[in-house]
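In what follows, chains carry the letters A, B, and so on, assigned in the order in which the sequence lines appear, proteins first and then strands, with residues in each chain numbered from 1.
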Protein chains: 2
Amino acid sequence: MPAERPRPTIADVAERAGVSKGLVSFALNGRPGVSPQTRDRILEVARELGWQPSLRARALSVNRAFALGLVITRDPEIITGDPFYPSFIAGVERELAPAGQALVLSVVPDEEAELAAYRKLVADRRVDGVFITDLRHDDARIELARELNVPAVTLGHPETPSPFPAVSMDDRAGIEAAVDHLVRLGHRRIAHVAGPARMLHGSRRRRAFEDAMARAGLPADLVVETDFRAADGARATRDLLAPPDAPTAIVYANDPMAIAGLGFAQRTGLRVPDDLSITGFDGSDVGEHLFPALSTVATEAAGWGAVAARVLLRSIAGEEPGDTDLPPARFVPRESTAPAPPSPPANG
Amino acid sequence: MPAERPRPTIADVAERAGVSKGLVSFALNGRPGVSPQTRDRILEVARELGWQPSLRARALSVNRAFALGLVITRDPEIITGDPFYPSFIAGVERELAPAGQALVLSVVPDEEAELAAYRKLVADRRVDGVFITDLRHDDARIELARELNVPAVTLGHPETPSPFPAVSMDDRAGIEAAVDHLVRLGHRRIAHVAGPARMLHGSRRRRAFEDAMARAGLPADLVVETDFRAADGARATRDLLAPPDAPTAIVYANDPMAIAGLGFAQRTGLRVPDDLSITGFDGSDVGEHLFPALSTVATEAAGWGAVAARVLLRSIAGEEPGDTDLPPARFVPRESTAPAPPSPPANG
DNA sequence: ATCGGAGGCTATACCGGTTTAGGTGAGTCC
DNA sequence: GGACTCACCTAAACCGGTATAGCCTCCGAT
């Protein structure tokens, strides 16, 4: 067994090159005050020795973590179905890796643990900045991040005044396009299976639904609030379809619920889209392969992650990046939406 | 604006308590050689000052990162549908958070970037140990981890001799149960839509399928290899159903493909399960809400993550945890499997 | 000839912990 | 009463980088 050779330090490089530690540091960081020959010699020796800077030592002396923090709050059940985060994270990584930064991920079951997770991340100085996703009304995390004095970026504009840059994607447009599409197809009774009202995107999508309905001169009286879980989608669909004046179209606030809703409708013998039109939200690729393929609203989660990461890095670097607006979510009509069925003969 | 007060260091605590830095360190780490009164005083002062140890300083001096690394290799397309990792990560976190450890996540597009990611994680000493998931034949990561001299845990037993503890879940049992179930229902032409052969679980599930078929005295001639993507599931299903002697049941190696396969079958007018039975793998909760609800193999990804994390932590602590076998994956019959349709009249 | 200044470099403090070698004083043993 | 032990504590080195003050040396300007 070969002896465990300790990795070379900057002192080894300095000694071998016959200069001081400080000069090595200067040379390696490309700072002025080092003659070209000396610089080359130092670089050469460093290469020769296979020297790699110790991120830990650097972290301690420059007081940086070289990492960003993401806290995901999801009850364990819902997390499996949600297509958003995996894509979002892939986008974040695309930006972080080349910048030599890492992503520290925390997955917590509830909002209490969430705040604790942010506190811990910052207390340990594990990260230089944090993502704040899934904004809620009166979101305590804004205040917490301010109090902890940690750079942050919010996904979407918070309601309360926030000192942090926001990277937003207009999801209203997608919902409105979905409703308009359904209205054009002749639907009059359109329901919405909404996300939790305490979440900004939950209530914003609902509001967009209501506005679009109002513009079409239709009542937005069929709205069910849920927790974004597939099971909720099935339950909400059951409740919506039970009464005699059931909707002919349902706009779901995410794909897993739409898929479950589709399943429920089919189970009761309804034909989708002939008897009932259905739209989802977030464009998981599996929806494309259902029968009927799910009409949905595509949100470019990966691009969102990349931009948010970039903004956060600039924010940490001391710039003050303004708010960013991403291209709005696009409605993608597929097969689960069709002209409204002929209305049943009026009763009386 | 309040002046940015620097956080207290161990020196501040020492001074205020009238002792040396070293003694404070001893007291706070509960080491012997500190009188009870002094210890209490130090603890009190630390509390009073709101002192929090600097993880960075600790990391530098004890040469630990207090973090574990997970590298996920997924082409951006597939990642959205796969229910495994989100659950797995949630399980890992459940174990790490109480242990004061963090998870550093890397998401990379291909195997080349994967090796680079491991190297980088270790070169930067960002992590004290790594998870090796999605084992492949002749997996280069085993050798890399050994070379990098970093503790690791593998999900499943690698084929090549490995110095690392393995945490395994027998997925053969689930596949076999699925096949047995189909055979009992009278199916004779059963196909398998397999994962990539280069992946251990891909080929192992395929092998389990073949073995189960052999035991039932049936030919395992209908196997299509794929890349685990939903689109692959649809394509494979199309190819399987085209010939005249099409299968009456298909065992898919994961849920997204099964869902896409279900969609394709329905699209061609086949009734599932009456004309075609279908089983998935990995038990995403959305499958439960499809119509018909997807029969699948449940794998307890969260439990797997928790155990793997625990094993890795023990491994880092210098113990030599043996291999662990988790309860085997269970077949969960739901609605997408039914008795085989009566065979068509033989031709000639 | 003298001074000023810039370029190139060294020495050293510093980040905030942990760890080790040693020092003190009280009690014990013979 | 001297040596020894032990509990408790301090001082200082150390982890591996970065940052800063200051020291030469050489050059051109006066």
Side-chain angles (χ1 to χ4, degrees), chain A residues 4-43 45-46 49-67 100 122-126 128 317-318, chain B residues 4-43 45-46 49-67 100 122-126 128 317-318:
Chain A
E4 187 69 30
R5 197 184 1 246
R7 55 154 58 186
T9 75
I10 200 169
D12 299 326
V13 176
E15 189 186 9
R16 178 97 163 245
V19 296
S20 70
K21 270 173 58 175
L23 201 65
V24 175
S25 174
F26 274 39
L28 292 160
N29 293 316
R31 314 220 313 194
V34 187
S35 79
Q37 309 92 291
T38 313
R39 172 188 312 278
D40 289 352
R41 183 158 41 92
I42 292 174
L43 261 36
V45 168
L49 254 40
W51 176 80
Q52 308 247 158
S54 156
L55 201 67
R56 283 176 200 157
R58 236 148 82 70
L60 181 59
S61 74
V62 303
N63 200 27
R64 288 258 283 122
F66 304 105
V122 175
D124 285 350
R125 294 270 201 269
R126 290 238 191 222
D128 300 317
Chain B
E4 187 69 29
R5 200 190 353 253
R7 54 155 57 185
T9 75
I10 201 169
D12 299 326
V13 176
E15 187 187 11
R16 178 97 163 245
V19 296
S20 69
K21 271 172 59 174
L23 200 65
V24 174
S25 174
F26 274 39
L28 291 161
N29 294 315
R31 314 219 317 194
V34 188
S35 80
Q37 310 91 291
T38 313
R39 173 188 312 279
D40 289 351
R41 183 157 40 90
I42 291 174
L43 262 35
V45 169
L49 254 39
W51 175 80
Q52 306 247 159
S54 156
L55 201 67
R56 282 176 200 157
R58 235 148 83 71
L60 181 60
S61 71
V62 303
N63 201 27
R64 289 260 283 121
F66 306 104
V122 175
D124 285 351
R125 293 272 201 269
R126 290 240 191 221
D128 300 317

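- Proximity of a side-chain donor or acceptor of Asp40(B) to a complementary backbone N or O of Gln37(B) within less than 3.5 Å is not detected.
- Across all strands shown, Thr9(B) has heavy atoms under 4.0 Å from sugar-phosphate atoms exclusively, and none from any base.
- With rounding to the nearest 0.5 Å, the separation of CG in Leu23(A) from CZ in Arg39(A) is 8.5 Å.
- Atom CD1 of Ile42(B) and atom P of dC9(D) are 7 Å apart (whole Å).
- When atom types are taken as modelled, the side chain of Arg41(B) and the backbone of Ala17(B) share a donor-acceptor pair closer than 3.5 angstrom.
- No side-chain heavy atom of Phe66(B) sits less than 4.5 Å from a side-chain heavy atom of Asp124(A).
- A donor-acceptor distance shorter than 3.5 angstrom exists from the side chain of Arg7(A) to the backbone of Ala123(B), with no hydrogens or angles considered.
- Tested against Val24(A), the residues Asp12(A), Val45(A), Val13(A) include a single side chain to side chain contact (heavy atoms under 4.5 Å, CB included) partner, Val13(A).
- Side-chain nitrogen and oxygen atoms of Thr38(B) include none within less than 4.0 Å of the OP1 or OP2 phosphate oxygen of dC8(D).
- Between chain A and DNA chain C, the heavy-atom contact criterion of under 4.0 Å yields a 5' to 3' nucleotide range of dG8(C) to dG16(C).
- Protein atom CG of Leu23(A) is 15 Å distant from nucleotide atom C1' of dG22(D), rounded to whole Å.
- Across the protein-nucleic acid pair, Leu28(A) atom CG and dG16(D) atom P stand 16 Å apart, rounded to whole Å.
- Note: CZ (Phe26(A)) to P (dG17(D)) measures 15 Å, nearest angstrom.
- Here the side chain of Arg56(A) pairs a donor or acceptor atom with the backbone of Arg125(B) at under 3.5 angstrom.
- Of the residues in residues 52-66 of chain B, those lying under 4.0 Å from DNA chain D by heavy-atom distance are Leu60(B), Ser61(B).
- For Lys21(A) against dG17(D), a side-chain N or O and a base N or O form a donor-acceptor pair under 3.5 Å.
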Worked check of side chain to side chain contact (heavy atoms under 4.5 Å, CB included) between Ser54(B) and Thr9(B): CA-CA 8 Å; Ser54(B) 156; Thr9(B) 75; over 6 Å; no
